[in-house]
Amino acid sequence: KNQVEQSPQSLIILEGKNCTLQCNYTVSPFSNLRWYKQDTGRGPVSLTIMTFSENTKSNGRYTATLDADTKQSSLHITASQLSDSASYICVPHTDKLIFGTGTRLQVFP
Amino acid sequence: GAGVSQSPSNKVTEKGKDVELRCDPISGHTALYWYRQSLGQGLEFLIYFQGNSAPDKSGLPSDRFSAERTGGSVSTLTIQRTQQEDSAVYLCASSLAPGRPQDTQYFGPGTRLTVL
């Protein structure tokens, strides 16, 4: 059964601090893994896409890692900003996208 | 258009009524997807269109749900005899090249459906 587990469920940090979000997945077959950012009341927006052979990919202050052997991924946010407050969703791709429930991040000044 | 648009943004209906949700994908995107997001849950796949055909409708939860796409563009998701458990945000996405690993789905803002 395809499963995606994200941790923590929610996180509060101060502006300027770094944080790392975790994702464990069980999907078969595995094609690639994406991280999406979803602001409240909006649709998800793609941050990164990593294929099986990629270990890390950056998009500005966002850096995603992937360990396809252990089926783990992380999303690191550097120097957080208030606008980073959102849900971050881990999405492995088999024949379709499998969405995790997300980590709700709140950045306070 | 600049992005995927959906209408209405909010819909409140009474149990038992039918509703239609509309999605306008990005111009030129051949693939279109419908998802449902219930409170506190991840996005749940409903149906996928390639052009006007729906090769994967495995996520439709019951025969009360149907969708069509015309002209390779606009899609309508119809829910008949709505139930309270249908209350959710319905999201539409489109993409250019669904067969490629780097293909990106672009999401609309969603339609929030509330069934009283």
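Per chain, numbering begins at 1; letters A, B, ... match sequence-line order. Excluded from the calculations below are hydrogen atoms, water molecules and symmetry mates; all remaining heavy atoms, backbone and side chain alike, are included.
- From A:K96, atom NZ reaches atom CD of B:Q105 across 11.0 Å, with rounding to the nearest 0.5 Å.
- By the neighbour-count criterion of 12 heavy atoms within 6.0 Å, atom CG of B:L39 is sparsely surrounded, having that number or fewer from other residues, nucleotides or ligands.
- Here the OG1-CG distance, from A:T101 to B:L43, works out to 11.0 Å after rounding to the nearest 0.5 Å.
- The distance from atom CG of A:L97 to atom OG of B:S95, rounded to the nearest 0.5 Å, is 9.0 Å.
- In the hydrophobic clustering of this structure, B:Y33 does not group with B:L77; members are Ile, Leu, Val, Met, Phe, Trp, Tyr whose side-chain heavy atoms approach within less than 4.5 Å, directly or through other members.
- Near-neighbour residues of residues 32-52 of chain A relative to chain B, defined by a heavy atom under 4.5 Å from a heavy atom of that chain, comprise A:N32, A:R34, A:Y36, A:Q38, A:G41, A:R42, A:G43, A:P44, A:S46, A:I49, A:T51.
- Within 6.0 Å of atom NZ in B:K57, 12 or fewer heavy atoms from other residues, nucleotides or ligands are found, so the atom counts as exposed in its surroundings.
- Both A:V27 and A:L66 belong to a single network of hydrophobic side chains, linked directly or stepwise wherever heavy atoms of I, L, V, M, F, W or Y lie under 4.5 Å apart.
- With a threshold of 4.5 angstrom between heavy atoms, B:S58 approaches chain A through side-chain atoms but not through N, CA, C or O.
- Summarising the local packing, OH of B:Y106 is surrounded by 12 or fewer heavy atoms from other residues, nucleotides or ligands at distances under 6.0 Å.
- Within 6.0 Å of the CD atom in B:E14, the count of heavy atoms belonging to other residues, nucleotides or ligands does not exceed 12.
- Only the side chain of B:L91 comes within contact range of chain A, with at least one heavy atom under 4.5 Å from a heavy atom of that chain.
- Within 6.0 Å of CD on B:Q83 lie more than 12 heavy atoms contributed by other residues, nucleotides or ligands.
- When ring centroids are compared, B:Y35 and A:F99 come within the 6.0 Å threshold.
- Hydrophobic clustering (ILVMFWY, side-chain heavy atoms < 4.5 Å, transitive): B:I47 and B:F107 are in distinct clusters.
- With rounding to the nearest 0.5 Å, the separation of CD in B:E44 from CD1 in A:I98 is 11.0 Å.
- In this structure, A:L21 is a member of the same hydrophobic cluster as A:Y25, with clusters built from ILVMFWY side-chain heavy atoms closer than 4.5 Å.
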